[in-house]
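Note that these values count all heavy atoms, side chains included, but never hydrogens, waters or copies made by symmetry. Here is the naming used below: chain letters follow the sequence lines, and residue numbers restart at 1 for every chain. The model shown is predicted, which means the values in this text are computed figures rather than measured ones.
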Amino acid sequence: MDIQLSEQEIMRRNSLEQLRRMGINPYPADLYPVDAYSDEIRTHFEDAAPQRQVVIAGRIMSRRIMGKASFIELQDSRGRIQVYVSRDDINTEEQPEMYNTVFKKLLDIGDFIGIEGFVFRTQTGEISVHAQRLRLLSKSLRPLPIVKYKDGVAYDRFDDPELRYRQRYVDLVVNDGVKQIFEKRAKVFSSLRAYFASFGYTEVETPTLQSIPGGASARPFTTHFNALNIDMYMRIATELYLKRLIVGGFEGVFEIGKNFRNEGMDRTHNPEFTCMEIYVSYKDYEWMMTFTENLLQKICLDVNGTTEVKVGDNVISFKAPFRRVTMLESIKEFTGKDLTDKGEDEIRQICQELHLEVDETMGKGKLIDEIFGEFCEGNYIQPTFITDYPIEMSPLCKRHRHNPELTERFELMVNGKELCNAYSELNDPIDQYDRFVEQMKLADKGDDEAMLIDHDFVRALEYGMPPTSGMGMGMDRLVMLMTGQSTIQEVLLFPQMKPEVKPQKDGVEKYTAIGVPEEWVEPLQKLGYDKVVKLQGLNPNKLFQDLCGYNKKNKLGLQNPSKESIASWTEQAS
RNA sequence: GAAUCGCUAGCUCAGCUGGUAGAGCAACAGACUCUUAAUCUGUGGGUCCAGGGUUCGAUCCCCUGGCGGUUCACCA
């Protein structure tokens, strides 16, 4: 337990004790028979209908007390409902102080209570529950931030992002709309699973802990496996494992899971994030484009009830079909440069003409990627498939059927960002091996994101993989789009934060060890000497003044220590 | 990683190029039987992020550090 409690926390702990003394268990064990919810009570209410009895439960979010009657707002999992509590209704023979003492004095905002009563409409027109019995279900010992709403405007918002993310539970309780984001997130996932299930594809799980991190260009997290005494990596993609399963004979497999990338952290990146990857045999990337646009249209409809969604100032339409543009067309459109049949040196030249910063470690693929990223990507607000990437950028992708310099690949751009990435998967094991070797050369050149050779994956391909199309989608980004959020932190329940650091204080025994009487430890700590070391070399006269002053100001009534004993503390502290 | 802004009561924020702090909500005491940001009266609550410097004196000025926001760069 924390040593330092705020005044309000002490009050609540005192109330807890008093409840126990009154024979009220603040944390009862038995089931509470809830049979109604805030939202449905309102929608089902009819003024003419016979009175409805309900049992509801939730958190007290506000109280308006007027003598013998009160209104509280009770928040359950679906929203809030007003409850009318009057003294003569809830007092009982066993508990005649239920209203005046228990309800008015010992209960607080944040406590969970259960209400039995009937639904009615107040004089001011609000559908409410008239309490006939009230029961404490769980006492809250820490005051919640109080956010008040009127006409949709929030007053005293709890909006410091650090506090909100670190204490998401508080954010969810007090801030309107936060829970809805995560309910929508769940709906995105269930809609996606339902779509895949309708095709008969299988959801699988593959290793998160890998000895060769493959399937993407990214820096991995390293960890250590004691039993084998080897370093291992957190996965950066699921691709290579899922394709092994296509080799094994699945018609279609998909995985929704966390990837981990040891890179930056900002409003669109979290070190762990959720990706969906799907692989379907006997398909190509053309089929996958249609499959993907139908998927997104369905998700948007299921989640928002429409194919349009507002993100920032943009309205994005997920109505299929989406526009399709090849990568070289796109670059030509936005830069005027035609890269068709250009070599690495020519492209590096073009990069310089476009004032792009490039260096010698960049291969042709990466150079083209730079141009696209700088001049094109951000322009695609409406969903647009960018197709036919240069072969150097796509080591796991099949060569284009009409042009061996290109690959059968698409990325889906939405709101200026990549949302999906898909291929006609490379299934030529010899080609695949050679491309891994190319990646190794890039790694030797200094590209620390280049892939390592996964020999087992090549072996799997040697047994034969049917023609396959695969697609990966950033689920967090998808949820951002579907909920209109502009930061990834808003769609992750617990985004990565720097560890919370608590200042460490010395214990009482460290003070008594240098001769400080126990009753003076707290005043010393309050004055800022929370570590014995801080007393070292201090002017005893100043400390004497401070302590006597503190004693007087706070009316502690302690006998002031002598200057001599204070001098001995400061000496012994060293 | 860079620039910039911020850190003051449980929460949201004031605080005059310097004299150890204020408001609203929350809390506490009281009034009030249909209120709804309830209202009215009264009270308490603070290592002003941390450390150092300048000064008789620092929440305020300077330096260093911590944490966070925003913008930018890199990665999905």
Inset, instruction - Run the salt-bridge test on D476(A) and R185(A) with the 4.0 Å N-O cut-off and return the result as yes or no. - result: yes
Inset, instruction - For residues L163(A) and V170(A), determine if any side-chain heavy atom of one lies less than 4.5 Å from a side-chain heavy atom of the other. - result: no
Legend entry - Y149(A) over A37(B), stacked by centroid distance under 5.5 Å, angle under 30°: no
Which donor-acceptor pairs under 3.5 Å do the side chains of residues 64-73 of chain A make with protein atoms, sequence neighbours left out?
from	atom 1	to	atom 2	distance (Å)
R64(A)	NH2	Q82(A)	OE1	2.7
S70(A)	OG	Y99(A)	OH	2.7
E73(A)	OE1	S62(A)	OG	2.9

Inset, instruction - Go ahead and name the base partner of A27(B); Watson-Crick or wobble counts if both distances stay under 3.5 Å, otherwise write none. - result: U43(B)
Inset, instruction - Report yes if some heavy atom in the side chain of Q18(A) is under 4.5 Å from a heavy atom in the side chain of T101(A); otherwise report no. - result: yes
Inset, instruction - Find which nucleotide of RNA chain B each of E73(A) and L107(A) is nearest to by heavy atoms, and output the residue with the more 5' nucleotide. - result: L107(A)
Inset, instruction - Over 60° means perpendicular and under 30° means parallel, so classify the ring planes of F118(A) and H130(A), tilted if in between. - result: parallel
Inset, instruction - May I ask you to say what D476(A) touches in the nucleic acid, namely base, sugar-phosphate or nothing, with a heavy-atom cut-off under 4.0 Å? - result: nothing
Legend entry - K148(A)/D156(A) salt bridge by N-O under 4.0 Å criterion: no
Inset, instruction - Can you tell me, in whole Å, how much space there is between the P of U43(B) and that of C56(B)? - result: 39 Å
Inset, instruction - Output the single nucleotide from C28(B), C67(B), A76(B) whose closest atom is nearest the side chain of I488(A). - result: A76(B)
Legend entry - Complementary nucleotide for A37(B) - Watson-Crick or wobble, under 3.5 Å: none
Inset, instruction - Round to the nearest Å and state the distance from F103(A) atom CZ to U35(B) atom C1'. - result: 12 Å
Inset, instruction - Round to the nearest Å and state the distance from N100(A) atom CG to A29(B) atom P. - result: 12 Å
Inset, instruction - Give one of base, sugar-phosphate or nothing for D369(A), where a contact means two heavy atoms less than 4.0 Å apart. - result: nothing
Inset, instruction - Name the residue closer to the 5' end of RNA chain B, choosing between M11(A) and R267(A) according to the nucleotide with the nearest heavy atom. - result: M11(A)
Legend entry - Minimum side-chain heavy-atom gap L144(A)-R59(A) below 4.5 Å: yes
Legend entry - Closest to the I109(A) side chain, choosing from A76(B), A27(B), C32(B): A27(B)
Legend entry - Atom-to-atom span, CD of E370(A) to P of C74(B) - whole angstrom: 7 Å
Inset, instruction - Would you please test K243(A) and E425(A) for salt bridge (charged side-chain N to carboxylate O under 4.0 Å, His left out) and show each step? - result: CA-CA 9 Å; K243(A) 283 198 232 174; E425(A) 301 295 335; 2.6 Å; yes
Inset, instruction - Considering only atom P, compute the distance from C74(B) to U59(B) and round it to an integer number of Å. - result: 43 Å
Inset, instruction - Would you kindly check whether a donor in the side chain of Q82(A) faces an acceptor in the base of U35(B), or vice versa, at under 3.5 angstrom? - result: yes
Legend entry - RNA chain B-proximal residues of residues 59-70 of chain A, any heavy atom under 4.0 Å: R64(A), I65(A), M66(A), G67(A), K68(A), A69(A)
Inset, instruction - Establish, from distance only, whether the side-chain atoms of N415(A) and R477(A) form a donor-acceptor pair under 3.5 Å. - result: no
Inset, instruction - Calculate the interatomic distance between K417(A) atom NZ and C74(B) atom P; express it in whole Å. - result: 12 Å
Legend entry - Rounded distance in Å between the C1' positions of C62(B) and U70(B): 25 Å
Inset, instruction - Take nucleotides 1-14 of chain B nucleotide by nucleotide from the 5' end and write B, S or -, depending on whether a protein heavy atom sits under 4.0 Å from the base, only from the sugar-phosphate, or from neither. - result: ---------BSS--
Inset, instruction - Find the distance I10(A):CD1 to A26(B):C1' and express it as a whole number of Å. - result: 16 Å
Legend entry - Smallest separation among heavy atoms of E377(A) and M413(A), with atom names: CG-SD, 3.7 Å
Legend entry - Donor-acceptor pair (no angle test) under 3.5 Å: Y84(A) side chain, U35(B) base: no
Legend entry - Presence of K105(A) side-chain N/O under 4.0 Å of A29(B) phosphate oxygens OP1/OP2: no
Legend entry - Donor/acceptor link under 3.5 angstrom from S86(A) side chain onto base of U33(B): no
Inset, instruction - In whole angstrom, give the distance that lies between atom CZ of F118(A) and atom C1' of C34(B). - result: 12 Å
Inset, instruction - Indicate, with a heavy-atom threshold strictly under 4.0 Å, whether D88(A) touches base, sugar-phosphate, or nothing. - result: base
Legend entry - G-U wobble or Watson-Crick pairing nucleotide for C13(B) (cut-off 3.5 Å, both distances): G22(B)
Inset, instruction - Report the nucleotide, chosen from A73(B), U35(B), C32(B), that has the shortest atom-to-atom distance to any side-chain atom of D266(A). - result: A73(B)
Legend entry - Separation of the C1' atoms in U71(B) and A9(B), to the nearest angstrom: 32 Å
Legend entry - Sugar-phosphate only, base, or nothing, as touched by F260(A) at under 4.0 Å among non-hydrogen atoms: nothing
Legend entry - Any K148(A) side-chain nitrogen or oxygen under 4.0 Å from OP1 or OP2 of A37(B): no
Inset, instruction - With the side chain counted from C-beta on, respond yes when L296(A) and M473(A) share a heavy-atom pair under 4.5 Å apart, and no when they do not. - result: yes
Legend entry - P gap between U39(B) and G22(B), integer Å: 24 Å
Legend entry - For atom CD of Q18(A) and atom P of C28(B), their distance in whole Å: 12 Å
Inset, instruction - Determine the Euclidean distance between corresponding C1' atoms of A38(B) and C48(B); express it in Å to zero decimal places. - result: 33 Å
Legend entry - Any-strand Watson-Crick or G-U partner of A3(B), both distances under 3.5 Å: U70(B)
Legend entry - Whole-Å P distance, A29(B) and G51(B): 36 Å
Legend entry - Nucleotide paired to U64(B) in any strand shown, Watson-Crick or G-U, under 3.5 Å: A50(B)
Legend entry - Between C1' of A29(B) and NZ of K104(A), the distance in whole Å: 12 Å
Legend entry - Basic-acidic side-chain contact under 4.0 Å: E126(A), R42(A): no
Legend entry - Minimum heavy-atom distance K139(A)-L106(A), with the two atoms named: NZ-O, 2.8 Å
Inset, instruction - Please measure how far the P atom in A3(B) lies from the corresponding atom in A76(B), and state the result in whole Å. - result: 26 Å
